[in-house]
Amino acid sequence: MNPRAGIYELAARYRLNSEAALELQRLAGLHTEPPALAAWLARGVGLLTAGLAGLGVVLWVAANWDILGRLGQFVLLQGAVLALGLGALAVPRARSAFGLLVLLSVGGLLAYFGQTYQTGADPWQLFALWAGLCLPLCLGVRSDVLWAVWGLVAMTAVTLWAQSQGASPWRLGPDDLVVHAQAWILAAGLTLGLSAPLRPFTGAGILAFRTAVTLAVFLVTLGALAGLFAAGVASRYWLGVLVLAGAAAVV
């Protein structure tokens with residue numbers, strides 16, 4: 001129940017006058033600053049500033065991309081990663097914001113490298129490399145927001161890997177069950193890595209864990225539903241039901 005609504009209900013039930021109602025609200029702490037507001041507000045504003053600054057840099061680079069040349073483009077992207085990393089080391093209070101910018105910059109650098117040299121790598125390999133390169137960053141910064149974004153990148157790599165193995169959510173094949181099972185195991189492993197028991201080691205918080213759980217449930221559910229609506233109920237539907245039931249029991 002909303003505490004403020006409960007206070008208003010009590011005031012109305014006992015027909016308190018305005019002075020008594022205000023005193024009741026004061027005793028309930030409705031007129032005081034919420035605990036830890038200053039710390040969370042500063043952190044939220046810092047992360048929002050980092051996101052907007054990163055968007056501004058991306059738009060500026062996009063507007064002037066053609067005149068930089070290939071060497072200038074690589075120098076700019078690599079310089080951004082280095083400068084932001086040094087900023088994370090030099091300014092501990094803004095480490096989460098700088099770390100988020102470093103993670104996004106690494107992704108942009110890898111994407112540009114893949115487009116420039118046409119390495120032939122599958123998209124899942126770029127996302128897996130992105131997650132692998134930024135894993136030490138997340139362990140060092142120990143930011144819940146940074147881990148949440150990292151979980152999104154890692155789960156994207158798992159999904160793209162499953163698709164590269166021919167496991168389309170809406171197409172059934174003889175090897176689909178094995179591939180889906182492997183993808184679901186990887187998703188479960190990522191979720192476990194961001195869970196509370198490993199929090200003292202990783203620094204991941206509830207936001208990262210919930211992000212991983214949501215993405216993992218979406219991955220399993222989508223594959224299981226495709227099996228349900230097949231001509232005959234496919235085995236991966238029952239496997240998905242067992243996986244989700246086991247996850248619910250653990251949580």
Side-chain angles (χ1 to χ4, degrees), residues 43-164 186-187 190 193-194 202-205 207-208 211-212 214-216 218-219:
R43 183 181 180 186
V45 171
L47 292 172
L48 179 61
T49 303
L52 292 176
L55 179 61
V57 171
V58 169
L59 294 177
W60 179 86
V61 171
N64 300 275
W65 193 248
D66 293 335
I67 65 176
L68 293 175
R70 179 175 298 178
L71 178 61
Q73 293 164 356
F74 271 112
V75 169
L76 178 64
L77 292 173
Q78 293 174 355
V81 174
L82 178 61
L84 294 170
L86 293 176
L89 288 175
V91 188
R93 295 186 61 181
R95 188 161 292 165
S96 296
F98 276 114
L100 179 60
L101 287 174
V102 171
L103 188 147
L104 297 176
S105 299
V106 169
L109 178 60
L110 290 174
Y112 179 65
F113 183 86
Q115 291 179 355
T116 301
Y117 292 106
Q118 299 296 320
T119 58
D122 290 330
W124 75 266
Q125 293 176 318
L126 292 177
F127 277 90
L129 181 60
W130 185 3
L133 289 175
C134 292
L135 182 58
L137 172 70
C138 295
L139 290 172
V141 175
R142 301 176 63 83
S143 168
D144 191 22
V145 175
L146 195 61
W147 275 115
V149 179
W150 182 88
L152 176 61
V153 174
M155 286 291 186
T156 303
V158 172
T159 303
L160 293 175
W161 171 81
Q163 293 180 359
S164 70
L186 290 174
L190 289 173
L194 298 177
T202 63
L207 176 62
T211 300
T214 301
L215 295 173
F218 181 78
L219 178 65

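In this chain, residues are counted from 1 in sequence order.
- In plain terms, the two heavy atoms of Trp130 and Leu104 that are nearest each other are CZ2-CA, 4.4 Å.
- In terms of modelled atom types and a separation under 3.5 Å, the side chain of Gln125 and the main chain of Asp122 share a donor-acceptor contact.
- Using modelled atom types, one side-chain atom of Asp144 and one backbone atom of Leu207 make a donor-acceptor pair closer than 3.5 Å.
- The closest side-chain heavy-atom distance from Leu110 to Leu133 is below 4.5 Å.
- Of all heavy-atom pairs between Gly108 and Leu77, the closest is O-CD1, 4.4 Å.
- Once rounded to the nearest 0.5 Å, the distance linking OG1 of Thr159 with CG of Leu215 reads 8.0 Å.
- Ala208 and Leu194 get closest at one heavy-atom pair: O-CD1, 3.8 Å.
- Counting only residues at least two apart or in different chains, side chain to side chain donor-acceptor pair (under 3.5 Å) contacts with residues 83-108 comprise Ser96-Ser143.
- When atom types are taken as modelled, the side chain of Trp150 and the backbone of Leu103 share no donor-acceptor pair closer than 3.5 angstrom.
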Practice task
Go through Val106 and Leu137 one step at a time and tell me if the side chain to side chain contact (heavy atoms under 4.5 Å, CB included) criterion holds.
Solution key: CA-CA 11 Å; Val106 169; Leu137 172 70; over 6 Å; no
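- Residues Phe127 and Trp124 place their aromatic rings such that the two centres sit no closer than 6.0 Å.
- You'll find the side chain of Arg142 stays beyond 4.5 Å of the side chain of Thr202, heavy atoms only.
- The nearest pair of heavy atoms linking Ala187 to Met155 is O-CE, 3.4 Å.
- Between atom CG of residue Leu219 and atom CG of residue Leu186 there is a gap of 9.5 Å, rounded to the nearest 0.5 Å.
- Remark: Phe98 engages no residue in a ring-ring contact (aromatic ring centres under 6.0 Å, His included) (not counting sequence neighbours).
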Practice task
Show your working on side chain to side chain contact (heavy atoms under 4.5 Å, CB included) between Thr156 and Leu152 and close with a plain yes or no.
Solution key: CA-CA 6 Å; Thr156 303; Leu152 176 61; 4.2 Å; yes
